[in-house]
Amino acid sequence: METMQSMDILKILLESGPVVKFVLFILILISVFSWAIILKKRKALKSMKKNNNTFLELYKSSASLKEIYDQTQEMPFSPFRSMFLEGFDELVKIREIFSKENKGAGLHNHFKDFGLGVLERGLKKGVNNSNIELNNLLSTLASIGSISPFIGLFGTVWGIINSFTGMANGGGTIDAVAPGIAEALVATAVGLAAAIPAVWFYNFYNSENTKLNDEMETFGQDFLNSVERTLVTKI
């Protein structure tokens, strides 16, 4: 009883074997890296939402697509801006091709015959570029959430092996097995402590990315509607 009361977890870890110490070091390192990713993604997501709102206000208040294009050149990254620039660039390119034909009649006929597919592909390119940024480092976060418990489990198994080794050497008392069991359980706890935040925030950021993709889909439809309303003759 006295032994259990005087047991110090920190002391046990300091006196643990080199394998368990290495496992704990790896888990702590992984946990720190995981939190760095979590905080970086939080900052990036907050910035993207703010930039989206800023761009949307400008988009709604501008008189023409050309005006929006001119005023957003120096704006920081936002998914809406990325989509708009890709869509507008495609619109300008195709308009230049038909600009010499009947003062835009060729362009009008092109969209009449083939629809707005070229603009949709441009918008899709903007969505893909945005998703590269949105999904950045999420796979690393998922990997941390997957492998951390197994790394901790390895430390657990090794600690239990040490406990049985102590028993095999004739130390069948609690004094002989307690340190090995304690360091084994701590390895499990540290593994879970590294994995749980990584998994939770991975799911959270995936959910936020899905919402942003829905918003990008809505913005893309609004952009195409704007082009159709102006009949692509005045941008």
Side-chain angles (χ1 to χ4, degrees), residues 1-50 77 79 128-215:
M1 184 68 175
E2 180 181 352
T3 302
M4 294 298 293
Q5 290 177 341
S6 62
M7 185 180 296
D8 188 317
I9 297 297
L10 181 59
K11 181 180 178 181
I12 291 173
L13 294 180
L14 292 175
E15 295 176 354
S16 62
V19 174
V20 175
K21 284 181 179 178
F22 180 72
V23 167
L24 292 174
F25 173 76
I26 293 297
L27 288 173
I28 292 172
L29 195 64
I30 287 175
S31 182
V32 171
F33 186 54
S34 171
W35 278 105
I37 293 175
I38 290 169
L39 294 177
K40 181 178 181 179
K41 294 296 295 182
R42 179 179 181 273
K43 181 180 179 181
L45 186 62
K46 183 178 180 181
S47 177
M48 276 188 278
K49 287 182 177 181
K50 180 181 178 182
F77 173 80
N128 291 339
N129 292 338
S130 298
N131 278 325
I132 291 174
E133 183 69 22
L134 289 171
N135 294 326
N136 184 37
L137 296 175
L138 281 186
S139 60
T140 303
L141 210 57
S143 297
I144 290 174
S146 299
I147 68 174
S148 293
F150 293 103
I151 296 175
L153 182 61
F154 175 78
T156 301
V157 172
W158 196 270
I160 292 175
I161 290 174
N162 287 339
S163 297
F164 281 111
T165 301
M167 293 177 65
N169 291 331
T173 65
I174 190 66
D175 293 334
V177 299
I181 293 176
E183 68 183 32
L185 294 177
V186 170
T188 301
V190 176
L192 292 175
I196 291 173
V199 172
W200 193 92
F201 279 102
Y202 170 78
N203 291 329
F204 172 77
Y205 289 132
N206 258 339
S207 176
E208 290 296 307
N209 289 354
T210 299
K211 293 178 184 177
L212 276 173
N213 271 274
D214 290 341
E215 293 173 2

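Since the model is a prediction, treat every value here as computed from it, not as a measurement.
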In Å, rounded to the nearest 0.5 Å, how long is the span from [atom1] of [X] to [atom2] of [Y]?
X: I160; Y: L185; atom1: CD1; atom2: CG; answer: 7.0 Å
X: T140; Y: I37; atom1: OG1; atom2: CD1; answer: 5.0 Å
X: Y202; Y: S34; atom1: OH; atom2: OG; answer: 13.5 Å
X: I147; Y: L27; atom1: CD1; atom2: CG; answer: 9.0 Å
X: I30; Y: F25; atom1: CD1; atom2: CZ; answer: 10.5 Å
X: N131; Y: L138; atom1: CG; atom2: CG; answer: 10.5 Å

> Do F77 and S47 come within less than 4.5 Å of each other through their side chains, counting heavy atoms only?
Replying inline: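 No, their side chains stay 4.5 Å or more apart.
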>> With a 4.5 Å cut-off on side-chain heavy atoms, are L212 and L45 touching?
In response: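 Yes; the side chains approach each other to less than 4.5 Å.
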Closest non-hydrogen atom pair, [X] against [Y]:
X: G145; Y: A198; answer: N-CB, 3.8 Å
X: N136; Y: K41; answer: O-NZ, 3.0 Å
X: S148; Y: G191; answer: CB-O, 3.5 Å
X: L24; Y: A187; answer: CD2-CA, 3.8 Å
X: S146; Y: F150; answer: O-CD1, 3.1 Å
X: L192; Y: P197; answer: O-CD, 4.3 Å

> Going by the angle between their ring planes, with limits at 30° and 60°, are F201 and F204 parallel, tilted or perpendicular?
Replying inline: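 The rings of F201 and F204 stand perpendicular, inter-plane angle above 60°.
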>> Checking side chain to side chain contact (heavy atoms under 4.5 Å, CB included) between I151 and each of I144, I26, T156, which is the one that passes?
In response: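 So the option named by the test is I26.
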> Are any side-chain N or O atoms of S207 and backbone N or O atoms of N203, one a donor and one an acceptor, separated by less than 3.5 Å?
Replying inline: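 No, the answer is negative, given that no donor and acceptor are paired below the 3.5 Å cut-off.
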> Taking everything shown except F22 itself, do over 12 heavy atoms lie less than 6.0 Å from its CZ?
Replying inline: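 Not more than 12 within 6.0 Å, no.
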>> With no hydrogens and no angle check, just 3.5 Å: does a side-chain donor-acceptor pair link N209 and Y205?
In response: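 Note: N209 and Y205 side chains miss the donor-acceptor criterion.
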